[in-house]
Amino acid sequence: MAHATSARTYGNYIGGEWRPAATGETFDDRNPANRAEVIATFAASGADEAEAAITAAAEAAAGWRRTSPIARANILYKASNILEARVGDVGRDLTREEGKTLKEGIGETGRAVQILRYFAGEAQQPTGEHYPSASITTLLYTMDEPLGVVGIITPWNFPIAIPAWKIAPALAFGNTVVLKPASQSPLSAFHFVEALIEAGLPAGVLNVVTGGGAAVGTRLVEDERVVGISFTGSSQVGAGLRQIAAARGAKIQLELGGKNPAIVLADADIDQALQHIVNGAMMSSGQKCTATSRAIVERSLSERFTDLLSSKIASLRVGDPLGSDTQIGPLIDDEAADRVAAEVKSAKDDGSDLLVGGGRLTDNGRGDGAFVAPALFAGVDPDSRLGQEELFGPVLGVIPVDSVDEAIAVANRVRYGLSASLFTRDLGKALHFVQGIQAGIVHVNSETAGAEPQVPFGGMKGSSSYSREQGKAARDFYTQIKTVYIDPPAS
Ligand code: NAP
């Protein structure tokens with residue numbers, strides 16, 4: 001599984017310059033399918049570099065907010081064309097550093113192109129509203145103004161799409177940015193940033209600092225000059241950042257974990273439900289915040305459906321994600337793979353019925369990487385750890401229920417509320433589900449992980465901070481409203 005490409009070293013990008021970490025130290029970005037392969041090397045920065053980047057972003061803020069939205073749109077549009085011309089190479093690098101299949105890696109890169117174009121368009125939309133006033137001579141209107149400096153902290157699992165869907169609206173609406181990408185897959189974000197640099201983004205408008213989350217990320221959230229923070233990652237880290245931001249009154253947006261249910265009613269199209277649930281649970285090795293981790297199935301169908309799931313999951317081809325017939329790649333690293341395998345073992349030891357998978361795979365060269373066999377549990381207790389906690393791996397549990405109402409109650413009985421699916425032919429039950437389900441993204445007859453960039457994205461309850469990303473909703477986070485009354489002089 002070795003791929004001979006020499007590893008480039010990337011510095012931080014601060015104020016329009018590439019700079020190494022002050023200590024000169026670096027860290028490696030490794031291929032999770034073949035941990036001996038170093039894809040690229042990055043600056044192991046700390047709080048000092050974060051501060052320098054915030055200073056650069058603060059200095060560039062006045063100029064960028066006075067740049068016409070049309071000029072900002074042109075840069076985003078140009079960057080989309082640059083990235084599109086590289087979609088194959090960038091997608092391949094994404095697969096090499098993150099481990100999702102090449103089809104998914106290229107697909108995600110294409111999504112970043114789409115996002116740049118969408119926000120190039122959004123930048124040209126009206127920037128406020130004109131209102132009637134109690135006084136007929138008063139000109140009364142609102143302006144959407146940029147926040148100023150925005151700190152963006154992203155996870156490793158969508159290493160180009162998530163930086164894209166945060167950076168593109170931040171820039172489109174006139175903010176300057178400091179990005180701290182995840183340490184396990186920073187290269188994809190650098191490819192995205194390079195497209196923007198080549199498209200003519202002025203120095204200081206977008207800065208990137210790599211290094212440990214606790215040092216670099218925390219500094220971004222603590223610094224008074226950073227007005228808004230957009231974070232996607234684990235609920236645990238998000239909870240800590242929320243407290244720091246709240247203490248100084250910063251605007252913060254959190255997109256966190258999920259424990260997403262797919263409900264299958266007895267009248268569902270079985271093949272459709274099967275395909276969408278297996279894809280939703282296992283693609284990207286289950287490492288999506290929107291992955292399906294609970295299949296809640298009407299009891300009359302549950303045994304048959306579980307058998308079908310079991311054989312489909314057992315037949316998934318797990319291996320090198322660059323391989324043309326691979327369906328499932330590795331997890332992000334050995335620690336993640338060991339953690340998921342240990343969770344599966346402990347659920348089994350606690351009496352859960354493991355039908356297939358769950359162990360580390362080491363044959364056929366897979367010992368070089370972080371591979372776990374996709375796992376299926378039957379008859380899961382909805383209140384067990386397996387039924388409640390996000391495992392962030394290729395693990396699906398079937399929960400039998402007696403009615404659509406019980407299914408919705410079970411689906412809602414978790415602290416998360418990101419996405420949910422229902423499979424049925426019954427329109428009445430579909431509408432009942434849409435009304436009752438506590439999730440920010442709701443699907444009928446499609447997988448929990450489906451999401452398009454032109455509509456709001458985000459969760460309810462513990463999955464989010466009541467804010468939304470993408471689509472028109474992005475404007476709400478990256479701007480603030482100024483209300484303007486203009487009256488004629490009295491004489
Ligand atoms: P994570 O460990 O929380 O890391 C996310 C980002 O935060 C990384 O850049 C990380 O830096 C940084 N970080 C870590 N500790 C920090 C700290 N103390 N202060 C400031 N920043 C810190 O999450 P992850 O493992 O990368 O991602 C997986 C999680 O993300 C899952 O729970 C998944 O559900 C969630 N997720 C949610 C969505 C959504 O939209 N709702 C989308 C994708 C993923 P380092 O990499 O340097 O540690």
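Residues: numbered from 1 along the sequence shown. When a ligand or atom number is given, it counts from 1 through the structure's own listing order.
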message = Closer than 3.5 angstrom, by distance alone: can the side chain of Arg96 be matched with the main-chain N or O of Asn31 as a donor-acceptor pair?
response =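 A pair under 3.5 Å: no.
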
key: Donor-acceptor pair, side chain of Arg30 and main chain of Arg35, under 3.5 angstrom   =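 Yes; judged by distance alone, with no hydrogens or angles, the pair exists.
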
message = Once ring pair (Phe, Tyr, Trp, His ring centres under 6.0 Å) is applied, do any residues pair with Tyr13, and if so which ones, sequence neighbours excluded?
response =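 So Tyr13 forms a ring pair (Phe, Tyr, Trp, His ring centres under 6.0 Å) with Trp18.
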
inquiry  = Closer than 4.0 angstrom, basic N to acidic O: yes or no for Glu469 and Lys166?
reply    =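 So Glu469 pairs with Lys166 through a salt bridge.
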
inquiry  = With a 4.0 Å cut-off on N to O distance, would you call Arg360 and Asp334 a salt bridge?
reply    =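 Here Arg360 pairs with Asp334 in a salt bridge, since their nearest N and O are under 4.0 Å apart.
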
task = Run the numbers on Glu104 and Ser284 for side chain to side chain donor-acceptor pair (under 3.5 Å), then give the verdict.
result = CA-CA 8 Å; Glu104 292 174 287; Ser284 297; 2.9 Å; yes

message = List the protein residues in contact with ligand 1, where contact means a heavy-atom separation under 4.0 angstrom.
response =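 Only Ile153, Thr154, Pro155, Trp156, Asn157, Ile162, Lys180, Pro181, Ala182, Ser183, Gly211, Gly212, Gly213, Ala214, Gly217, Thr218, Phe231, Thr232, Gly233, Ser234, Val237, Leu241, Glu255, Leu256, Gly257, Cys289, Glu390, Phe392, Leu418, Phe457 have heavy atoms that fall under 4.0 Å of ligand 1, ordered by chain and number.
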
